Amino acid sequence: MTHPDASAAAPPPTIPERPGLEGLEDKWDVAWEDRGTYRFDRTVDREDVFSIDTPPPTVSGSLHVGHVFSYTHTDTIARYQRMAGREVFYPMGWDDNGLPTERRVQNYFGVRCEPSLPYDPDFSAPADSGDPKAIKKRGDIDISRRNFIDLCHVLTAEDEKAFEALFRRLGLSVDWSQHYATIDERCQRTSQRAFLRNLTRGEAYQVEAPSLWDVTHRTAVAQAELEDRERPGAYHKLAFHLPEGTTGPDGSGDLQIATTRPELLAACVALVAHPDDGRYQPLFGGNVTTPVFGVKVPILAHELADPEKGTGIAMICTFGDTTDVTWWRELDLDVRAIVNRDGRINPEPPQGIASDAGLAAYARLAGKTMFSAQVEIVEILRETGELVGEPTPITHPVKFFEKGDKPLEIVTSRQWYIRNGGRDADLRAALIARGDEMAWHPAYMQTRYTNWIDGLNGDWLISRQRFFGVPLPLWYPLDTEGEPDHDHPIVPDEADLPVDPSSDAAPGYAESQRGRPGGFVGDTDVMDTWATSSLTPQIACGWEEDDDLYARTYPMDMRPQAHDIIRTWLFSTAVRSHFEADTAPWGHCALSGWILDPDRKKMSKSKGNVVTPVDLLDQHGSDAVRYWAANGRPGTDTAFDDGQMKIGRRLGIKILNASRFALGFGADGDAPLEIDPAAVTEPLDRAMLLHLADLVHEATKAFEEFDYARALERTETWFWAFTDDHVELVKSRAYEGSPADAESARHALRLAISTLLRLFAPFLPFVTEEVWSWWRGGSVHRQPWPTAEELRATAASKGEDPVDPAVSGVAADALAEIRRHKTDAKRSLATPVVSCTVTDTAERIALLHLVSDDVAAAARATSIELVEGDALSADVELEPPSE
RNA sequence: GGACCGUUAGCUCAGUUGGCUAGAGCGCUCGCCUCACACGCGAGAGGUCACUGGUUCGAGUCCAGUACGGUCCACCA
């Protein structure tokens with residue numbers, strides 16, 4: 001089965017007088033679409049398919065240079081694989097599911113998602129959408145989740161059109177008939193189905209437990225979404241009181257505790273020190289009374305306590321950080337929660353505070369934000385004299401949700417989790433072993449995967465208290481009191497997916513029973529974005545939707561992505577495939593680096609240094625931008641450098657001109673340009689083809705190792721030497737040599753151009769296609785990748801002595817030596833040479849004899865005398881300058 | 001605190017199992033309108049290969065360590 005673009009007959013040559021790069025992007029994008037050049041042929045068997053799990057970019061605004069960079073890398077590999085004979089499955093997705101889109105939709109339409117509202121089929125976007133003033137005047141409109149999602153579709157559709165246009169312009173050889181959006185119905189169905197399968201197999205579970213909570217977005221978040229930010233803080237030393245007759249390490253009746261979060265004092269449930277810490281050993285098992293609130297708490301030992309930190313003894317609060325959670329769980333402590341989901345101190349005091357003074361103090365804190373509460377508690381501590389000394393300012397890292405702007409709190413809530421090895425050594429080992437089933441490019445990236453799994457300390461929290469995401473496909477029965485029974489969730493039939501429990505009634509119930517005693521309630525949570533995007537292989541390959549496609553494409557061959565999301569996207573995808581298919585999701589992971597500023601900082605929107613991709617493509621042309629991108633080696637961060645783009649542009653122009661020249665010989669008739677291996681007879685031509693064979697070998701090897709950058713670098717270097725040396729050496733012969741000699745040069749040049757166009761095609765798809773169209777049929781992008789064997793066979797097909805490839809270098813060196821004389825004499829290279837003697841070693845002179853006519857012609861000498869000597873030198877007499 | 005990556009000409013980077021006087025492009029200097037290309041062609045200057053030890057006949061290349069830069073993770077009382 002061959003694509004029509006591969007087998008089309010060559011037309012009569014049409015070589016433009018002054019070829020240019022302008023307009024090639026639009027011309028060829030249209031042609032490729034019309035001809036279905038990149039359309040996936042789904043009749044091809046699995047072993048001949050190369051399937052790519054394209055990263056779906058986040059749809060919330062615009063693409064940036066980093067996308068251009070890494071998507072180009074993927075495309076070079078896709079194009080190579082296609083030419084190497086594999087049918088490439090190269091879909092594109094959009095990740096429009098999640099918080100960033102939610103925010104935009106809220107602001108743009110002036111709406112707020114209220115999950116308790118039923119779906120309104122007659123709802124349409126407010127007329128004043130996009131008008132911030134009008135929206136501010138009227139206020140936000142509450143709408144149901146399904147209506148909200150409809151609006152998300154409206155807005156993201158616009159972005160997605162722009163994204164597709166940009167990627168087409170960039171020349172990605174994506175099959176645009178294969179695309180998905182993570183919020184579309186198919187993705188929701190796949191996502192819910194996978195969750196239900198996890199649930200059935202016990203891989204998904206819910207639990208009421210302390211978890212990380214972002215107060216800004218009022219949602220739980222996962223470990224993978226955390227980041228540290230340096231924040232100012234202060235150590236506060238607090239005096240805790242030992243029982244009568246007991247003394248602490250300093251001989252007094254008080255214990256000093258250092259804390260950066262004194263506002264959590266009311267939540268203190270214990271003190272903890274290291275079991276080996278002699279200072280506190282005598283006190284373990286005893287009690288202490290908290291300052292201000294007068295609550296009696298135990299003094300305990302735990303090896304996570306660090307004798308070096310603070311005073312060596314810490315207060316455990318429910319909950320100040322994740323270590324508190326560990327201590328609370330392992331030491332079986334009380335809960336004395338005081339922080340609510342808004343990040344404020346609860347109005348009601350926790351159990352255990354009983355004294356009038358304690359209750360009065362708590363009342364002063366109730367309802368305050370963390371910041372205000374800290375100010376207030378310090379004031380209270382001063383009043384009671386229990387603040388020891390003054391707070392010591394420090395700067396310390398604080399955990400944030402990566403999309404949040406207030407520090408994370410820890411709040412107890414009921415959440416859904418998917419097991420990921422964070423609490424199960426066997427699963428952890430199995431997932432780490434999955435890493436060995438994939439080839440990592442570059443190989444050291446696997447370490448990041450392994451390290452991340454090794455460092456997990458909990459399962460994957462997938463429920464989010466948000467709206468624009470795939471809903472958890474669950475309902476809960478209500479008892480006679482109207483309380484939900486979370487232990488017996490109601491699940492939908494897979495045939496009914498996707499469902500929205502906030503607008504669809506639970507199976508077996510009527511909508512009228514929603515919220516009624518004896519009725520049901522829908523789960524209002526959505527799943528984490530990653531819970532859907534971790535299923536891109538299943539989504540793209542048609543898992544449970546299109547068995548035939550799935551069988552031909554899954555597991556996939558390659559996952560390209562950036563290295564910073566190994567911990568999220570890559571890992572979570574491995575988890576889902578492990579559970580669902582008992583396999584690694586891909587054979588290869590190709591990791592791209594980042595784009596850096598000229599000052600080596602990561603480019604980001606917030607720094608305001610982003611160059612828009614459209615401007616780049618306009619200014620330099622797509623091939624030139626791709627050239628820059630393809631020079632970024634796998635996994636390596638690369639500086640933004642428009643100088644490289646200019647070089648890429650020059651390369652494109654050089655390809656046009658060199659091709660025009662090389663193909664121009666004999667291109668004046670109506671007959672197609674032939675490439676006849678038997679016509680290639682001259683030593684220099686045959687040697688050139690041997691070198692070209694080496695290049696093909698090297699470029700192929702590099703591509704097979706996913707090292708597109710090496711393939712480009714070698715091809716480019718070879719090409720420039722080819723135009724500077726070989727073309728110069730043979731041009732006279734091609735013009736005016738004897739018929740046989742001229743034909744040798746011409747056919748060799750055509751073969752070289754045909755080969756080079758194919759080698760460059762993955763990088764510069766537009767210019768190579770343009771030149772291909774001058775004289776060959778079909779698309780260059782569907783041609784077979786060149787092989788070293790065919791070139792070597794052509795070079796050797798004369799049945800004569802094998803040619804020594806060293807003749808190329810000997811000839812080029814001799815020519816360079818003569819050129820140097822002309823340059824030193826400040827004369828034009830066109831200056832005729834009256835007489836010339838070239839001296840070189842005996843071995844090289846022997847080779848030079850084979851090609852001296854070509855050297856002489858290129859040097860503008862009628863003949864060259866060859867002399868054996870120690871090293872290369874030339875004695876040149878130039879024609880005197882004319883007056 | 002742990003891990004990974006990097007440190008080669010002014011700039012961006014090659015240098016693949018250790019092997020002749022360390023390479024390319026850009027930039028710079030000088031020259032050249034040579035019938036494909038002046039968006040070009042030719043020539044040239046420019047480097048103690050971060051540092052310190054070690055292995056070796058021989059190290060940019062291997063080993064140990066140091067410094068600096070970057071990233072991830074852990075801790076963060």
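What you are looking at is a predicted structure, and each value in this text was computed from that prediction instead of being measured. Scope of the values below: all heavy atoms of this structure, side chains included, with no hydrogens, waters or symmetry mates. Chain letters run A, B, ... following the sequence lines, proteins first and then strands; every chain starts at 1.
Taking side-chain N and O atoms only, A/Gln446 has no distance below 4.0 Å to OP1 or OP2 of B/C5. Listed pair A/Thr323 / B/C76 meets the phosphate criterion, a side-chain N or O lying under 4.0 Å from OP1 or OP2.
For B/U16, the base has a donor-acceptor partner in the side chain of A/Arg714 [N/O atoms by modelled type, under 3.5 angstrom].
Contacts of A/Ile316 with the nucleic acid, taken as non-hydrogen atoms under 4.0 Å apart, are absent. A/Lys646 comes within 4.0 angstrom of no nucleic acid atom, judged by non-hydrogen atoms across all strands. Counting any heavy atom pair closer than 4.0 Å across all strands shown, A/Leu304 reaches a base atom. A/Ile257 comes within contact range of no nucleotide atom at all, as no heavy-atom separation falls under 4.0 Å. Looking at heavy-atom distances under 4.0 Å, A/Glu716 makes no contact with the nucleic acid at all.
Here the separation of B/A24 from B/G46, taken at their C1' atoms, is 14 Å to the nearest Å. Using atom P as the reference point in both B/U48 and B/U8, the two lie 12 Å apart (nearest Å). Comparing B/C20 with B/G1, their P atoms sit 41 Å apart, to the nearest whole Å. When the P atom is compared between B/C11 and B/A50, the two are found 14 Å apart, to the nearest whole Å. Here, B/A9 and B/C26 have their C1' atoms 12 Å apart, quoted to the whole Å. Between B/C62 and B/U56, the distance separating the two C1' atoms is 10 Å to the nearest Å. Annotation: B/U17 and B/C28 have their C1' atoms spaced 38 Å apart (nearest Å). For the C1' atom pair drawn from B/A64 and B/G23, the interatomic distance equals 29 Å after rounding to whole Å.
Annotation: side chain of A/Thr289 is not in contact with side chain of A/Val295 (no heavy-atom distance under 4.5 Å).
The aromatic ring centres of A/Trp628 and A/Phe640 sit less than 6.0 Å apart.
Toward the 5' end of RNA chain B, the nearer of the two residues A/Ser659 and A/Asp641, judged by each one's closest nucleotide, is A/Asp641. Each of A/Asp824 and A/Arg710 has a nearest nucleotide on RNA chain B; the 5'-most of these lies closest to A/Arg710.
The nucleotide whose nearest atom lies closest to any side-chain atom of A/Lys826 is, among B/C75, B/G31, B/A43, B/G31. Comparing B/G25, B/C73, B/C41 by their closest approach to the side chain of A/Trp452 singles out B/C73. When the nucleotides B/C39, B/C73, B/A43 are ranked by their closest atom to the side chain of A/Ala816, B/A43 comes out on top. Nearest to the side chain of A/Asp724, among B/A43, B/C76, B/G42, sits B/G42.
Taking CD1 of A/Ile595 as the reference point, atom CZ of A/Phe69 lies at 4.0 Å (rounded to 0.5 Å).
As a whole-Å value, the separation of A/Ile818 CD1 from B/A43 C1' is 15 Å. One atom, CG of A/Asn631, and another, P of B/G15, lie 12 Å apart when rounded to the nearest Å. A/Glu713 places its CD atom 14 Å from the P atom of B/C26, with the value rounded to the nearest Å. Between the CZ atom of A/Phe719 and the P atom of B/G40 there is a distance of 12 Å, rounded to whole Å. One interatomic measurement links the two molecules: CH2 of A/Trp327 to C1' of B/C75, which rounds to 11 Å at whole-angstrom precision. When rounded to the nearest whole Å, the span between CZ of A/Arg650 and P of B/A38 equals 13 Å. Following rounding to the nearest Å, A/Arg229 (CZ) and B/C76 (C1') show an atom-to-atom distance of 16 Å. Taking atom CG on A/Asp228 and atom C1' on B/C72, their separation rounds to 11 Å, with Å as the unit.
A pairwise comparison of heavy atoms in A/Ala658 and A/Thr723 identifies CB-CG2, 3.8 Å as the closest pair.
When atom types are taken as modelled, the side chain of A/Gln281 and the backbone of A/Pro275 share a donor-acceptor pair closer than 3.5 angstrom. Judged by distance alone, the side chain of A/Asp277 and the main-chain N or O of A/Ala273 form no donor-acceptor pair under 3.5 Å.
Across all strands shown, B/A74 forms no Watson-Crick or G-U wobble pair with both distances under 3.5 Å. Using Watson-Crick or G-U wobble geometry with both donor-acceptor distances under 3.5 Å, B/A14 finds no partner in any strand shown. When both distances must be under 3.5 Å, the Watson-Crick or G-U wobble mate of B/G53 is B/C63.
Here A/Glu817 does not pair with A/Arg819 in a salt bridge; the nearest charged N to carboxylate O distance is not below 4.0 Å.
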